[in-house]
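Data block below; observations after.
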Amino acid sequence: MMNEKPVLSIIMATHNNGVLASDAIMSVINNMPHNCELLVINDGSTDESDQIIRDLTHKYNNIRYYYQPKSGVSVARNRGIELSQGDYLAFIDGDDLYSKNFFSVIMPVLEKQQYDIIAYESTRDFDTFVAEQKNDLPYKLDTRYEEIIQKTFKASHWQVWRRIFRKDIIGEDRFPEHLSYFEDVSFTPFQYLKSKTLCKINSILYYYRKNRLSVTETHQENDIMDMSHALNKFITSVKEHPETASLTTMAMMNCYIELRKKTRKMRGYYNYSHEEMQLIERLKEACLYKNIDKKHKKFYLRVKLYQFDLFFSRLKYRLLPRWIRRQ
């Protein structure tokens, strides 16, 4: 790498990704220009990852590699943020891939230094990913701030690897280190709320690999606590900044839908703890009906009447055969 301040720092957190980590790293450095850097944070891998990554660092001088005891993806990403030198930050998981077109599309946008957050498309379908890389059609940039932020909060797809952040926008914000899942939900939307300029690129630049052992493909009791944390952060934010209610209401409803789903998966029915019911009571006060679209109105009613939701769910669980109650 040249001795110049990088425009973009790419942070990769990896844990026991083995050969997939090598694929992820190569998808970055194969086309990475000299004014970018890759930071790989190995979060206590016990497989062959450490040796694989060290071999790559000996072969390529544009990888900065750090090993830490197992501490979680949030700690790894936060360490990457602290160590990064770029004006912009991007994230890639240790088992995913960047498109070979990533830098040719992204760098002209970044070098203008106009946008606080630049989002792009991703896919979980490898054939689609490969086909898109062969696509010679010009991509489009959408820079309409109000339309982008409204669509973003409505969809509530908060994965950090789907966008690039200006480091100054992130400031002192960090990923919540006590969370094992949903850490993106407690981080990404709050960067959007601080933004002034946004850009959306209609090109698939990221392949999110399907991994059934991934934390995002499993259900754990901690998931409920993590989503509760994200929902509580939204509620606190909208109370402190009521002018954001038109944006955050949709995001809060999507948090509640996910919390509700996780509760049923883990406990068999919508069986909320006392703390979770207190959280739903706060959600009832924070959500504004006028900001809810047709798709989410039924969930709004389930928030307002959650006690009935609990009663009928419990009744169904106790009285119906197992194969019916799972439907």
Side-chain angles (χ1 to χ4, degrees), residues 6-12 24 27-38 86-93 96-170 184-185 187-210 244 246-248 250-251 254 291 293-295:
V7 174
L8 175 64
S9 296
I10 299 160
I11 298 167
M12 177 187 295
S27 78
V28 176
I29 63 173
N30 271 340
N31 299 290
M32 189 170 74
H34 64 81
N35 58 347
C36 298
E37 63 174 358
L38 171 63
D87 296 318
Y88 284 89
L89 302 182
F91 299 87
I92 179 174
D93 285 351
D96 295 343
L97 300 173
Y98 273 169
S99 165
K100 67 178 183 180
N101 304 322
F102 182 87
F103 292 103
S104 63
V105 172
I106 288 294
M107 294 311 294
V109 180
L110 294 187
E111 286 165 358
K112 294 178 181 179
Q113 297 278 316
Q114 290 180 344
Y115 307 108
D116 294 327
I117 303 174
I118 301 98
Y120 40 84
E121 302 290 347
S122 62
T123 183
R124 300 183 74 175
D125 184 272
F126 188 70
D127 291 337
T128 301
F129 180 68
V130 171
E132 179 74 8
Q133 293 182 89
K134 298 177 182 178
N135 190 349
D136 293 328
L137 295 175
Y139 59 88
K140 294 181 181 179
L141 297 182
D142 186 354
T143 60
R144 296 168 296 176
Y145 181 86
E146 289 298 331
E147 185 163 334
I148 293 173
I149 200 167
Q150 289 285 344
K151 287 183 177 179
T152 301
F153 273 84
K154 185 175 181 179
S156 292
H157 296 155
W158 299 121
Q159 299 92 338
V160 290
W161 39 257
R162 294 181 62 156
R163 59 265 296 168
I164 293 172
F165 304 86
R166 187 193 296 273
K167 191 174 183 180
D168 287 347
I169 276 290
I170 293 176
D184 292 357
V185 187
F187 177 84
T188 304
F190 303 96
Q191 311 315 310
Y192 273 87
L193 291 175
K194 294 186 289 182
S195 68
K196 303 297 183 186
T197 54
L198 299 173
C199 177
K200 177 67 186 297
I201 302 172
N202 73 329
S203 181
I204 297 174
L205 300 179
Y206 193 99
Y207 172 56
Y208 172 44
R209 198 187 300 267
K210 295 180 181 178
T244 66
S246 61
L247 292 173
T248 54
M250 284 291 93
N254 282 315
N291 295 324
D293 61 359
K294 184 177 179 180
K295 173 185 173 183

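Starting from 1, each residue takes its place in the sequence as its number. This is a predicted model, so every value here is computed, not measured.
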Is the backbone of [Y] close enough, under 3.5 Å, to the side chain of [X] for a donor and an acceptor to pair up by distance?
X: Asp93; Y: Asp96; result: no
X: Asn35; Y: Val7; result: no
X: Ser156; Y: Phe153; result: yes

Spatial distance of atom [atom1] ([X]) from atom [atom2] ([Y]) [nearest 0.5 Å]:
X: Thr188; Y: Phe91; atom1: OG1; atom2: CZ; value: 8.5 Å
X: Ile148; Y: Tyr115; atom1: CD1; atom2: OH; value: 8.5 Å
X: Leu198; Y: Gln114; atom1: CG; atom2: CD; value: 12.5 Å
X: Gln159; Y: Asp184; atom1: CD; atom2: CG; value: 6.5 Å

Going by salt bridge (Lys or Arg N to Asp or Glu O under 4.0 Å), name the residues that satisfy it together with Asp142, two or more places apart in sequence or in a different chain.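 Partners of Asp142 by the salt bridge (Lys or Arg N to Asp or Glu O under 4.0 Å) criterion, ordered by chain and then number, come out as Arg144.
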
Do [X] and [Y] have side-chain heavy atoms sitting under 4.5 Å apart?
X: Ile10; Y: Leu8; value: yes
X: Tyr98; Y: Asn31; value: no
X: Ile106; Y: Phe103; value: no
X: Arg209; Y: Leu97; value: yes
X: Phe190; Y: Lys194; value: no
X: Tyr88; Y: Ser9; value: no
X: Leu89; Y: Ile164; value: no
X: Val160; Y: Phe165; value: yes

For [X] and [Y], work out which heavy atoms get closest and say how close.
X: Trp158; Y: Thr152; value: CZ3-CG2, 3.4 Å
X: Val109; Y: Cys199; value: CG1-SG, 4.2 Å
X: Met250; Y: Lys154; value: CB-CA, 4.0 Å
X: Met107; Y: Pro33; value: CG-CG, 4.0 Å
X: Ile117; Y: Ser195; value: CD1-CB, 4.4 Å
X: Asp125; Y: Tyr207; value: C-CE1, 3.9 Å

Mind checking what makes side-chain contact (heavy atoms from CB on, under 4.5 Å) contact with Val105, not counting sequence neighbours?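 Residues passing side-chain contact (heavy atoms from CB on, under 4.5 Å) with Val105: Asn101, Tyr139, Ile201, Leu205.
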
Given the side-chain rings of Trp161 and Tyr120, with only the six-membered ring counted for Trp, is the space between their centroids under 6.0 Å?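 Between Tyr120 and Trp161, which both carry aromatic rings, the centre distance is not below 6.0 Å.
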
Please evaluate residues Asn135 and Glu132 with respect to the criterion side-chain contact (heavy atoms from CB on, under 4.5 Å), reporting the C-alpha separation (whole Å), side-chain torsions for both, the decisive distance (0.1 Å), and the verdict. CA-CA 5 Å; Asn135 190 349; Glu132 179 74 8; 3.9 Å; yes

Quick test of your reading of the model: are Asp116 and Arg166 salt-bridged, counting only N-O distances below 4.0 Å?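 Salt bridge between Asp116 and Arg166, a charged N being under 4.0 Å from a carboxylate O: yes.
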
Should the pair Lys200-Glu121 be classified as a salt bridge under the 4.0 Å nitrogen-to-oxygen rule?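 Looking at Glu121 together with Lys200, the answer is yes, because their closest N to O distance falls below 4.0 Å.
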
Tell me, yes or no, whether the heavy-atom count around Lys167 atom NZ, taken from other residues, nucleotides or ligands under 6.0 Å, exceeds 12.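 Atom NZ in Lys167 is crowded, with more than 12 foreign heavy atoms closer than 6.0 Å.
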
Evaluate the ring planes of Phe126 and Phe129, with Trp represented by its six-membered ring, and classify them as parallel (under 30°), tilted (30 to 60°) or perpendicular (over 60°).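 Tilted: the ring planes of Phe126 and Phe129 meet at 30° to 60°.
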
List the steps, then state whether side chain to side chain donor-acceptor pair (under 3.5 Å) holds for Arg163 with Tyr206. CA-CA 10 Å; Arg163 59 265 296 168; Tyr206 193 99; over 6 Å; no

Apply the test side-chain contact (heavy atoms from CB on, under 4.5 Å) to residues Tyr145 and Gln150: give CA-CA distance (whole Å), side-chain angles for both, the deciding distance (0.1 Å), then the verdict. CA-CA 8 Å; Tyr145 181 86; Gln150 289 285 344; over 6 Å; no

Starting from the C-alpha separation in whole Å, work towards a yes-or-no answer on side-chain contact (heavy atoms from CB on, under 4.5 Å) for Ile204 and Thr128. CA-CA 9 Å; Ile204 297 174; Thr128 301; 3.7 Å; yes

Between Met32 and Leu38, does a side-chain contact (heavy atoms from CB on, under 4.5 Å) hold up when you go through it step by step? CA-CA 9 Å; Met32 189 170 74; Leu38 171 63; 4.2 Å; yes

